[in-house]
Amino acid sequence: MYTLLSGLHEYLTRREEFYVIILGLDNAGKTTLLERIKSIFLGVVGLSPNRIAPTVGLNIGKIDINRARLNFWDLGGQRDLHGIWEKYYSECHAIVFVVDSTDKERIEECKEIFEKIITNDDVEGVPILMLANKQDLPNSLKVEEIKEIFNKIALKLGARDSRVLPISALEGTGVREAVDWLFVRIQRNKQNRPPTFK
């Protein structure tokens, strides 16, 4: 009887877990985004932006929405770290690609990296959210300009869920909307990428 009740309790209280990888070039604001997500959804004060150092390896953040847990993996953006990104593709349920909207000199490099990510077979069908970060700065490219730059690559996304949203990770503008969009798309994509249960 105990085993039956224990199993029923475990079944009723288990939670779906999803994994989201945060990618982009170095200095795009990936870790600032992760810290802002934690502060918005967990109510904790994240790291101060002046205390955030370049990521070597990865940073992890977890938030709960409804009865599901989103695990965010913020991977380092330096060129020598791009090789480890692929190791996370097969386990992820979504990809967030952060673009530094003020770094016009590296936008071509950003395009190349993005194309390499979305054409990898391991991310086939995975929702992709591109975030045009640093929209709080006056010299930033607007979302329409970012879309225009990435337009030809976007055709390679096919029918999968994808979107470009403006954010300021520093100020938190657009971050909640971005996570809400991600959560809905991850839920819709459970047939393609089933959650793990914990």
Novice: If you measure from CG on N133 to CG on L165, what distance do you get to the nearest 0.5 Å?
Specialist: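 Between atom CG of N133 and atom CG of L165 there are 12.0 Å.
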Novice: Going by the ring-ring contact (aromatic ring centres under 6.0 Å, His included) test, name the single residue among Y19, F18, Y89 that passes it with W73.
Specialist: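 The ring-ring contact (aromatic ring centres under 6.0 Å, His included) with W73 is passed solely by Y19 among Y19, F18, Y89.
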Novice: Check residues 135-155 and write down every donor-acceptor pair under 3.5 Å in which the side-chain atom is one partner and the other belongs to a residue at least two apart or another chain.
Specialist:
residue, atom, partner, partner atom, Å
Q135, NE2, S101, OG, 3.1
Q135, NE2, A132, O, 3.4
Q135, NE2, L141, O, 2.9
D136, OD1, S168, OG, 2.9
S140, OG, L137, O, 3.0
S140, OG, K142, NZ, 3.3
E145, OE1, K142, N, 2.7

Novice: Of the non-hydrogen atoms in A178 and L129, which two are nearest, and what is the gap between them?
Specialist: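 In terms of heavy atoms, the two residues are closest at O-CD2, 3.6 Å.
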Novice: Can you spot which of V99, I95, V98, I118 makes a side-chain contact (heavy atoms from CB on, under 4.5 Å) with M130?
Specialist: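 Only match with M130 under side-chain contact (heavy atoms from CB on, under 4.5 Å): V99.
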Novice: Are L58 and I63 linked, directly or through intermediate hydrophobic residues, by side-chain heavy-atom contacts shorter than 4.5 Å (ILVMFWY only)?
Specialist: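 They do not share one cluster, since no chain of ILVMFWY contacts under 4.5 Å joins I63 to L58.
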Novice: Is any side-chain heavy atom of I117 closer than 4.5 Å to a side-chain heavy atom of L23?
Specialist: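 When only atoms from C-beta onward are counted, L23 and I117 do touch, with a gap below 4.5 Å.
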Novice: Hey, could you give me the NZ/NE2 distance between K116 and H82, rounded to the nearest 0.5 Å?
Specialist: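 Those atoms lie 8.5 Å apart.
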Novice: Could you state the interatomic distance from CD1 (I21) to NE2 (H93), rounded to the nearest 0.5 Å?
Specialist: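 Reported value, rounded in 0.5 Å steps: 11.5 Å.
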Novice: For F183 and A68, work out which heavy atoms get closest and say how close.
Specialist: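 Of all heavy-atom pairs spanning F183 and A68, the closest is CE1-CB, 3.8 Å.
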Novice: Would you kindly confirm whether L70 and L34 end up in one hydrophobic cluster when ILVMFWY residues are joined by side chain heavy atoms under 4.5 Å apart?
Specialist: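 The answer is yes; both residues are in one hydrophobic cluster.
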Novice: Under 6.0 Å from the CD atom of E177, do we count more than 12 heavy atoms belonging to anything else shown?
Specialist: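 Correct, the count exceeds 12.
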Novice: Of the non-hydrogen atoms in Y88 and I84, which two are nearest, and what is the gap between them?
Specialist: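 Heavy-atom minimum between the residues: CD1-O, 3.3 Å.
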Novice: Once rounded to the nearest 0.5 Å, what's the spacing between atom NZ of K62 and atom CG of L42?
Specialist: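 The CG atom of L42 is 11.5 Å from NZ of K62, to the nearest 0.5 Å.
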Novice: Quick one: are C92 and R193 in side-chain contact, heavy atoms under 4.5 Å?
Specialist: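 A side-chain contact exists here, since the closest heavy-atom pair is under 4.5 Å.
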Novice: So which heavy atom on F41 is nearest to which on D180, and how close?
Specialist: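 Looks like CZ-OD1, 4.3 Å.
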Novice: CG of L75 to CD1 of I60: how many Å apart, nearest 0.5 Å?
Specialist: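 Going from CG on L75 over to CD1 on I60, the span is 9.5 Å.
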Novice: Same cluster or not: are L81 and V20 linked, directly or through other Ile, Leu, Val, Met, Phe, Trp or Tyr residues, by side-chain heavy atoms under 4.5 angstrom apart?
Specialist: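 Different clusters: L81 never reaches V20 through Ile, Leu, Val, Met, Phe, Trp or Tyr contacts under 4.5 Å.
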Novice: Quick one: does D161's side chain get under 4.5 Å of N189's, heavy atoms only?
Specialist: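 SC-SC contact between D161 and N189 ruled out.
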Novice: Quick check for you: to the nearest 0.5 Å, what is the distance between N27 atom CG and K30 atom NZ?
Specialist: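 Taking CG in N27 and NZ in K30, the distance rounds to 8.0 Å.
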Novice: Taking L33 as the starting point, is it possible to reach V44 by hopping between hydrophobic residues whose side chains are less than 4.5 Å apart?
Specialist: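 Same cluster: V44 reaches L33 through Ile, Leu, Val, Met, Phe, Trp or Tyr contacts under 4.5 Å.
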Novice: Mind checking what makes side chain to side chain donor-acceptor pair (under 3.5 Å) contact with K190, not counting sequence neighbours?
Specialist: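 Here the qualifying residues are E16, Q187.
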Novice: Taking all non-hydrogen atoms of both residues into account, name the closest pair between K87 and G83 and its distance.
Specialist: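 Closest heavy-atom pair between K87 and G83: NZ-O, 4.3 Å.
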Novice: Checking the side chain of N120 only, and the main-chain atoms of D122 only, is there a donor and an acceptor separated by less than 3.5 Å?
Specialist: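 Checking the backbone N and O of D122 against the side chain of N120, a donor-acceptor pair under 3.5 Å is found.
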Novice: In terms of hydrophobic clustering (I, L, V, M, F, W, Y; side-chain heavy atoms under 4.5 Å; direct or indirect links), are I40 and V45 co-clustered?
Specialist: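 Per the 4.5 Å side-chain linkage, I40 and V45 are not co-clustered.
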Novice: Checking side-chain contact (heavy atoms from CB on, under 4.5 Å) for the pair L25/D100: CA distance, chi angles, key distance, verdict?
Specialist: CA-CA 8 Å; L25 299 182; D100 179 347; over 6 Å; no
Novice: Sub-3.5 Å donor-acceptor pair from the side chain of W85 to the main-chain atoms of G76, do we have one?
Specialist: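 Judged by distance alone, yes, a pair lies under 3.5 Å.
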Novice: If I compare all heavy atoms of R106 with all of D26, which pair ends up nearest, and what's the gap?
Specialist: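 Closest pair (atom of R106, atom of D26, distance): NH2-OD1, 2.7 Å.
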